[in-house]
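Every number for a ligand or one of its atoms is a count from 1 in the order of the listing.
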Amino acid sequence: MRNIAPAISPPAGIGDRKPANQAVLDWVQDVAKLTQPANIFWCDGSDRENAFLIEQSLQQNVLIKLNEKKVPRSYLHRSNPNDVARVEQFTFICTPTKEEAGPTNNWSEPAEMYLKLQTMLKGAMRGRTMFVIPYIMGPADSLLTKVGFEITDSKYVVLSMRIMTRMGDVAIKRLGDDANAEWNRGVHSLLDVDPTRRFICHFPQDNAIISVGSGYGGNVLLSKKCLALRIGSYLARKQGWLAEHMLILGVESPEGKKHYVAAAFPSACGKTNFAMLIPPKHFAGWKVTTVGDDIAWMQIRDGRLSAVNPENGYFGVVPGTSYKSNPNAMKSIEHDTLYTNVALTDDGDVWWEGKDGAPPAHAIDWRGNDWTPDSKEKAAHPNSRFATPMGNNPVLDPDVEKGEGVPISAIIFGGRRSDTMPLVFQAFDWNHGVYLGATMASETTAAAAGAVGQVRRDPMAMLPFCGYNIGDYFRHWIEIGKRLTNPPLIFNVNWFRKGKDRKFLWPGFGDNMRVLKWIIDRCEKSGGAVESPIGWLPSPHDVDLADLDVEHKCIVEILGIDHEEWQKELAGHQNFFESLGGVVPEELLKQREQLAARFKQ
Ligand code: OXD
Ligand code: MN
């Protein structure tokens, strides 16, 4: 299977939907002059176009058709084995000064980076088709919604963007013909998929992105991490709103009282699972619904934060997904799904580590090699993915298309921590909550290239995604807090704490409803808690643990804090703040001092 495929010739009526906006036409001509494609394909997002591109992708070995009975209208793509995750080391924020990008981003001077990329892009699409994808991020009638155009030489990108964004006419109409309208310019080329020529570059002042040398989703679906988070966070600060790496869920009581919660977790920490949670039997009548599983755009409305999901689909990690861990995700990916880097069974089905049932006796692994249960290699890559339309989700929130968004009652920060962090605690106030987010840490996963399992500070889960100086980002959060008359309560959770036997203390998944219920109780001012140095902690009787098969001593351990571990944690916060070289706002430095002082009381 290959990523790079020769040009295609569409029949009349396909690939010719040119927008009227002169600024778009001029930009496309400029990129075409540079990259010299065989032809230009103007995407409209229609069913007919999609069917044509799928047919071409099957012929050109870009996709494999899966068994129509087992996974209807679904396909498998294999990326180049050197290209399976986001490449943070080759991701750049290009601003006039290094200070604007700040201490957590790779920086380049824009003119220098443009020159380097233009040199790489010269003639890069020769013999290939150049696709122009119009799309919007956000519900069609939201004030927050942004228009983007992505140019790409990959059909896989076009097919994925149709799932992940609202694509085609809706964007052309929203942009209109005003040559000065705001829209994002995204250019992607696979080049030769060589890791030494792989760069993901953002030019926030120009609202522009250029990504070269990769075919992996997180690097090339420019709507997602690049526009909705990196450029999005930059625009959000300028325009007074928040672009965050957060899921959004609705939780409704049996009496019909509904709250919405936004939660930030680093990549591959179970955001999709939490967003689709099925409450355990004991919580009969409670309903959890999904607004979004990865990104939240939040604006201030009537003194509250109101959130929309800018995306239209889910690009989730496959391994570990099962009817036990996430039945709603399983139902979502049973049809109309584009899989990347999972294993292919002999009967044309997909398989991955952690799927329900016994492993197949034989399969083709994600690299295209024979695989049996005795193989040393994994059948599916640990960062293999599904792209599936959010309309497939059986628990999709009915207000997902509401332009004004949904009102947020609580914000949750969380990471993957084997120790130190209790199951849940509540910040004393907004600035303390910002401190919890700013000092968040997690053990690294396969979602990004590099070592797995190392604890790294990942403020608000935005370390790889904040498109400007992290100090200014913290300050922006503090400023937003000042404008909120009814701010959400802020919590920290950790599903991953381990006991002395190195086993997880908490079952997670559906049982996280118990934690969510305590959070909702706190929002309703009915939940009990005890004051501790780190914030409000529930005691075991404050959390509904009925029918939970976990020993009481494990509950006590996971709800509690270890003062020695927290001394190390405090030192970790200080080291992290120091490593940022003086950009951390006074308010947060003060929060650290107050936290340290509370431990001494
Ligand atoms: C993702 C990520 O793909 O965070 O959502 O890496
Ligand atoms: Mn993510």
Considering C269, S267, P464 one by one, which has a heavy atom nearer to atom 4 (O) of ligand 1 than any of the others?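 When every heavy atom of C269, S267, P464 is considered, S267 comes closest to atom 4 (O) of ligand 1.
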Can you label the angle between the [X] ring and the [Y] ring as parallel, tilted or perpendicular, going by 30° and 60°?
X	Y	result
Y216	F315	tilted
F577	F474	tilted
F199	F92	tilted

Consider side chain to side chain contact (heavy atoms under 4.5 Å, CB included). Of M460, E88, K225, which one does F465 pass it with?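 Of the listed residues M460, E88, K225, the side chain to side chain contact (heavy atoms under 4.5 Å, CB included) partner of F465 is K225.
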Considering the options T152, I200, L117, which one meets the side chain to side chain contact (heavy atoms under 4.5 Å, CB included) requirement together with S211?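 Considering T152, I200, L117, a side chain to side chain contact (heavy atoms under 4.5 Å, CB included) with S211 is found only for I200.
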Compute the shortest N/O to N/O distance between K225 and ligand 1 and return yes if it is under 3.5 Å, no if not.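 Yes; at least one N/O pair falls below 3.5 Å.
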Judging by distance only, is a nitrogen or oxygen of D294 under 3.5 angstrom from one on ligand 1?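 So ligand 1 has an N or O lying under 3.5 Å from an N or O of D294.
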For the Mn ion (ligand 2), check which protein N, O or S atoms are under 2.8 Å away and list them.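 Listed by chain and number, the atoms are K225 NZ, H245 NE2, D294 OD1.
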Check I231 against P204 and note the closest heavy-atom contact, atom names and distance.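 That would be CD1-CA, 3.7 Å.
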Check whether Y75 forms a cation-pi arrangement with K65 (NZ or CZ under 6.0 Å from the six-membered ring centre, at most 45° off the ring normal).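 Positive - K65 is close enough to the ring of Y75 and near enough to its axis.
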A cation-pi test, strictly: NZ or CZ of R416 under 6.0 Å from the centre of the six-membered ring of F496 and no more than 45 degrees from its axis. Yes or no?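 Pair R416/F496 counts as cation-pi.
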With a cut-off of 4.0 Å, which atoms of ligand 1 are near a heavy atom of R385?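 Those atoms are 1 (C), 3 (O), 6 (O).
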Residue H245 vicinity, atoms of ligand 1 by number, heavy atom under 4.0 Å: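 Per the distance check, 4 (O).
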Using heavy atoms and a threshold below 4.0 Å, how should the contact between R86 and ligand 1 be classified: side chain, backbone, both, or neither?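 Side chain only.
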Non-neighbouring partners of E569 that pass side-chain hydrogen bond (donor to acceptor under 3.5 Å, both in side chains), sequence neighbours left out: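 side-chain hydrogen bond (donor to acceptor under 3.5 Å, both in side chains) check on E569 returns R417, R457, H573.
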